[in-house]
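Below is one structure; the comments refer to it alone.
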Amino acid sequence: MARGVNKVILIGNVGKEPDVRYMPNGNAVANVTLATSESWKDKNSGETQERTEWHRVVFFRRLAEIVGEYVKKGSKIYVEGRLQTRKWQDQSGQDRYTTEIVADEMQMLDSKGSSASFDSTRPASGSRPSSDSAPSSAPMPDDGFDDDIPF
């Protein structure tokens, strides 16, 4: 029997500085708002229209620490994760619901230079940034194909 799929992929701009907090067990949690925009030409008026959708994205553990350190307001990021709705109570005791993207992977897409040593060309899937001095372009794997094919 097939199971369901809960997969979200977003590319957008961060709306405000990440909010990083720490749980009692010491794990980091970072919350960001991510704006995705689409534009189209109106058939009747011929004018370009635009719509922006705002998404709540939450990062956990090491990925949250990376987001807190390197992601800033306006940063363009790629996020993979899943939708999750959680229930909470407001100050008056009313039940409230929030749907957010729980991120599994994040990649920074800005080409702006920064003083940080985080390699934004690799997804930060919860692992620490690499501090080794590996070359920036890795050699292609040898698939057993001959490069001297005559066509």
Side-chain angles (χ1 to χ4, degrees), residues 1-138 140-141:
M1 173 175 246
R3 294 188 290 180
V5 175
N6 182 355
K7 181 81 165 181
V8 176
I9 298 174
L10 298 172
I11 296 176
N13 293 89
V14 176
K16 61 183 179 178
E17 294 296 320
D19 177 26
V20 181
R21 298 177 185 206
Y22 290 86
M23 295 187 284
N25 65 5
N27 286 340
V29 178
N31 291 292
V32 301
T33 55
L34 192 66
T36 57
S37 298
E38 61 178 320
S39 60
W40 68 93
K41 193 166 235 173
D42 187 283
K43 292 180 182 178
N44 298 328
S45 67
E47 294 181 21
T48 301
Q49 302 289 321
E50 185 174 358
R51 176 175 43 226
T52 300
E53 188 73 33
W54 288 93
H55 312 274
R56 296 173 187 260
V57 184
V58 62
F59 302 87
F60 291 99
R61 293 175 287 286
R62 180 64 184 143
L63 191 53
E65 293 172 0
I66 291 169
V67 166
E69 189 169 345
Y70 298 106
V71 173
K72 304 294 178 215
K73 177 180 177 180
S75 296
K76 183 177 282 288
I77 61 173
Y78 167 91
V79 173
E80 279 188 33
R82 65 188 179 347
L83 279 177
Q84 180 173 297
T85 301
R86 60 183 170 87
K87 180 180 173 182
W88 55 281
Q89 289 187 340
D90 64 12
Q91 292 177 347
S92 65
Q94 291 286 103
D95 286 346
R96 302 286 183 182
Y97 297 88
T98 300
T99 300
E100 55 200 2
I101 291 97
V102 177
D104 298 323
E105 294 187 35
M106 184 276 301
Q107 183 172 356
M108 296 176 64
L109 300 176
D110 288 326
S111 59
K112 301 173 190 170
S114 72
S115 60
S117 62
F118 177 68
D119 183 356
S120 63
T121 61
R122 283 188 260 156
S125 56
S127 60
R128 298 186 182 270
S130 176
S131 62
D132 60 342
S133 58
S136 61
S137 59
M140 296 297 290

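What you are looking at is a predicted structure, and each value in this text was computed from that prediction instead of being measured. Residue indices begin at 1 and follow the sequence shown.
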Let me have the donor-acceptor pairs involving side chains of residues 24-37, under 3.5 Å, with sequence neighbours excluded, atom names and distances please.
from  : atom 1 : to    : atom 2 : distance (Å)
Asn25 : OD1    : Asn27 : N      : 2.9
Thr36 : OG1    : His55 : NE2    : 2.8
Ser37 : OG     : Thr52 : OG1    : 3.0

Q: Could you walk me through whether Met106 and Ile66 pass side-chain contact (heavy atoms from CB on, under 4.5 Å), step by step?
A: CA-CA 9 Å; Met106 184 276 301; Ile66 291 169; 4.1 Å; yes
Q | Closest approach of Gly74 to Asn13 (non-hydrogen atoms, all atoms of both residues) | A | O-ND2, 3.1 Å
Q) Do Thr48 and Trp40 pass the side-chain contact (heavy atoms from CB on, under 4.5 Å) test, and can you show the C-alpha distance, the side-chain angles, and the key distance before you say yes or no? A) CA-CA 6 Å; Thr48 301; Trp40 68 93; over 6 Å; no
Q: State which residues pass salt bridge (Lys or Arg N to Asp or Glu O under 4.0 Å) with Arg61; sequence neighbours excluded, sorted by chain then number.
A: none
Q.
Run the side-chain hydrogen bond (donor to acceptor under 3.5 Å, both in side chains) test against Ser92 and tell me which residues pass, sequence neighbours left out.
A. Asp90
Q | Gln91: partners by side-chain contact (heavy atoms from CB on, under 4.5 Å), with sequence neighbours left out | A | none
For residues 77-88, tabulate all N or O donor-acceptor pairs below 3.5 Å that involve a side-chain atom, not counting sequence neighbours.
from  : atom 1 : to     : atom 2 : distance (Å)
Tyr78 : OH     : Glu80  : OE2    : 2.3
Glu80 : OE1    : Lys7   : NZ     : 2.7
Thr85 : OG1    : Thr99  : OG1    : 2.8
Arg86 : NE     : Glu100 : OE2    : 2.7
Lys87 : NZ     : Asp95  : OD2    : 3.3
Trp88 : NE1    : Thr98  : OG1    : 2.7

(Q) I want to check something: taking the side chain as every heavy atom from C-beta on, are Arg96 and Gln94 in contact at a cut-off of under 4.5 Å? (A) yes
Q. For residues 39-59, which residue pairs qualify under salt bridge (Lys or Arg N to Asp or Glu O under 4.0 Å), counting only residues two or more places apart or in two chains?
A. Glu38-Arg51
Q) Could you walk me through whether Glu65 and Tyr22 pass the side-chain contact (heavy atoms from CB on, under 4.5 Å) check? A) CA-CA 10 Å; Glu65 293 172 0; Tyr22 290 86; 4.1 Å; yes
(Q) With salt bridge (Lys or Arg N to Asp or Glu O under 4.0 Å) as the rule and sequence neighbours excluded, what pairs involving residues 9-36 come up? (A) Asp19-Arg21
